[in-house]
Amino acid sequence: MMKPCLLALAAVAATSATMAPTGVQVSGWARPTVNGQSSAAAYLVIRNYGPGADRLVSVSSPAANMAGVHRSQISGGVARMRSAGSIVVPAGKMLAMAPGGLHVMLMGLRNPLRTGATLPLTVLFEHGGERQIRLPIQMNAPYDQPHGH
């Protein structure tokens with residue numbers, strides 16, 4: 001009787017170990033645009049399950065001529081947006097981009113971003129390599145994602 005229980009527990013433990021996330025995982029969303037709008041913002045959620053810190057090296061999208069990570073901030077009552085520089089995600093941590101802060105700036109959109117469609121995005125990490133993702137295009141962050149607060 002005890003032997004089947006131990007085998008079952010071992011099987012559950014082995015399954016849990018193989019299903020644990022590893023490396024860097026990326027999700028997110030992008031805001032829709034209107035006709036004629038040439039730039040847009042996308043917001044990533046980066047979870048680093050790897051053993052060490054990883055650095056976001058680049059972002060690109062076939063939907064735009066240029067893409068880069070920018071940071072919005074208010075200085076002296078004036079809103080400014082600048083390149084964010086190096087983005088490092090420590091091991092075991094999460095970075096959540098959000099409106100009014102870090103975001104992926106897409107410039108030179110080839111077509112409007114329509115609600116309900118997806119935005120193809122390629123993200124490259126120093127250690128985690130390249131990830132090709134498709135972000136849902138919607139007005140607000142998905143319910144299950146952090147909002148940067």
- [ ] Can you label the angle between the H103 ring and the H70 ring as parallel, tilted or perpendicular, going by 30° and 60°?
- [x]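 Ring orientation, 0 to 90° scale: perpendicular.
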Are [Y] and [X] connected in a single hydrophobic cluster, I mean Ile/Leu/Val/Met/Phe/Trp/Tyr linked by side-chain heavy atoms less than 4.5 Å apart?
X: L44; Y: V69; answer: yes
X: I46; Y: L121; answer: yes
X: V24; Y: Y43; answer: yes
X: I137; Y: V104; answer: yes
X: I133; Y: V57; answer: no

- [ ] Step through the shown structure and confirm whether more than 12 heavy atoms of other residues, nucleotides or ligands are within 6.0 Å of CE on M107.
- [x]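 Result for CE/M107: enclosed.
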Tell me the closest heavy-atom pair linking [X] and [Y], and the distance in Å.
X: T33; Y: P112; result: OG1-CA, 3.3 Å
X: P62; Y: R110; result: O-NH1, 2.6 Å
X: L135; Y: A30; result: CB-N, 4.4 Å
X: A91; Y: G50; result: CB-O, 3.5 Å
X: Q138; Y: A141; result: NE2-C, 3.7 Å
X: G128; Y: D54; result: N-OD2, 2.7 Å

Inter-residue atom distance [X].[atom1] - [Y].[atom2], 0.5 Å rounding:
X: N48; Y: H127; atom1: CG; atom2: NE2; answer: 9.5 Å
X: R80; Y: Q73; atom1: CZ; atom2: CD; answer: 9.0 Å
X: S72; Y: R82; atom1: OG; atom2: CZ; answer: 11.0 Å
X: F125; Y: S58; atom1: CZ; atom2: OG; answer: 9.5 Å
X: L109; Y: S61; atom1: CG; atom2: OG; answer: 8.5 Å
X: R31; Y: L119; atom1: CZ; atom2: CG; answer: 14.0 Å

TODO: Taking the side chain as every heavy atom from C-beta outward, state whether L56 and V123 have any pair of such atoms under 4.5 Å apart.
DONE: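 Result yes, sub-4.5 Å side-chain heavy-atom pair found.
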Task: L95 vs L102 side-chain heavy atoms within contact, under 4.5 Å - done: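 In contact.
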- [ ] Quick one: do S27 and R47 satisfy side chain to side chain contact (heavy atoms under 4.5 Å, CB included)? Show the steps, please.
- [x] CA-CA 9 Å; S27 60; R47 293 175 171 90; 3.9 Å; yes
Task: Residues that R134 engages under side-chain hydrogen bond (donor to acceptor under 3.5 Å, both in side chains), provided they are two or more places apart - done: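 Testing R134 for side-chain hydrogen bond (donor to acceptor under 3.5 Å, both in side chains), a comparison that skips the adjacent residues, returns T118.
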